[in-house]
Amino acid sequence: MNIFEIIWVFAWILVAVPTIPQIIQTIRTKNVKWLSMIMYIIRALGWFCWIIYGGRYLWSWQMQIFNAISTLLSLTMVFLILKYRKS
């Protein structure tokens with residue numbers, strides 16, 4: 001792994017991982033009043049585009065895996081917003 005791949009992984013961690021505490025907080029409180037579903041849908045679409053770019057252009061399985069995780073995290077938030085908005 002070269003320095004640029006290390007920087008890329010670090011950047012991914014800084015951008016994607018903060019969604020995890022939001023998921024935990026949302027499950028605990030069931031409060032989605034201030035969350036934007038549109039933002040999480042756009043994020044999921046953006047991450048999905050990165051999956052395609054990483055796989056078809058760069059041929060990077062690492063990029064596909066990391067961005068698939070990010071897509072799933074964003075879609076989890078969309079699901080939670082839909083689930084708890086009814087409450």
Any residue meeting side-chain contact (heavy atoms from CB on, under 4.5 Å) with W61, in chain and number order, not counting sequence neighbours: Q64, I65

side-chain contact (heavy atoms from CB on, under 4.5 Å) involving T76 - partner list, sequence neighbours excluded: I23, L80

Residues which pass side-chain hydrogen bond (donor to acceptor under 3.5 Å, both in side chains) with T71, listed by chain and number, not counting sequence neighbours: none

Please table the atom pairs, donor to acceptor, closer than 3.5 Å between any side-chain atom in residues 46-53 and protein atoms at least two apart or in another chain.
none

Interatomic spacing from OG1 in T19 to CE in M77 - rounded to 0.5 Å: 8.0 Å

Taking every non-hydrogen atom, the tightest pair across R43 and V15: NH2-O, 3.5 Å

Sequence-distant partners of I24, side-chain contact (heavy atoms from CB on, under 4.5 Å), two or more places apart: I20, R28

Cluster companions of W59 among Ile, Leu, Val, Met, Phe, Trp, Tyr (side-chain spacing under 4.5 Å): none

Sequence-distant partners of Q22, side-chain hydrogen bond (donor to acceptor under 3.5 Å, both in side chains), two or more places apart: T26

Residues that S36 engages under side-chain hydrogen bond (donor to acceptor under 3.5 Å, both in side chains), provided they are two or more places apart: none

Trace of the side chain to side chain contact (heavy atoms under 4.5 Å, CB included) decision for Y40 with I81: CA-CA 10 Å; Y40 285 104; I81 291 169; 3.9 Å; yes

Nonpolar side-chain network containing L75, other nodes, edges under 4.5 Å: none

Minimum-distance pair of heavy atoms, taken over all atoms of I27 and K30: O-NZ, 3.4 Å

Gap between atom CD1 of I41 and atom CE of M39 - 0.5 Å precision: 10.5 Å

Shared hydrophobic cluster for V32 and I42 (ILVMFWY, side-chain gaps under 4.5 Å): no

Rounded distance (nearest 0.5 Å) linking atom CZ of F66 with atom OG of S60: 9.0 Å

Nearest-0.5 Å distance that lies between atom CD in E5 and atom CD in Q62: 6.5 Å

Distance in Å, I69 CD1 paired with S74 OG, rounded so as to fall on 0.5 Å steps: 12.0 Å

Apart from L72 itself, residues in the same hydrophobic cluster as defined by side-chain heavy atoms under 4.5 Å: none

Listed partners of W12 passing side-chain hydrogen bond (donor to acceptor under 3.5 Å, both in side chains), at least two apart: S70

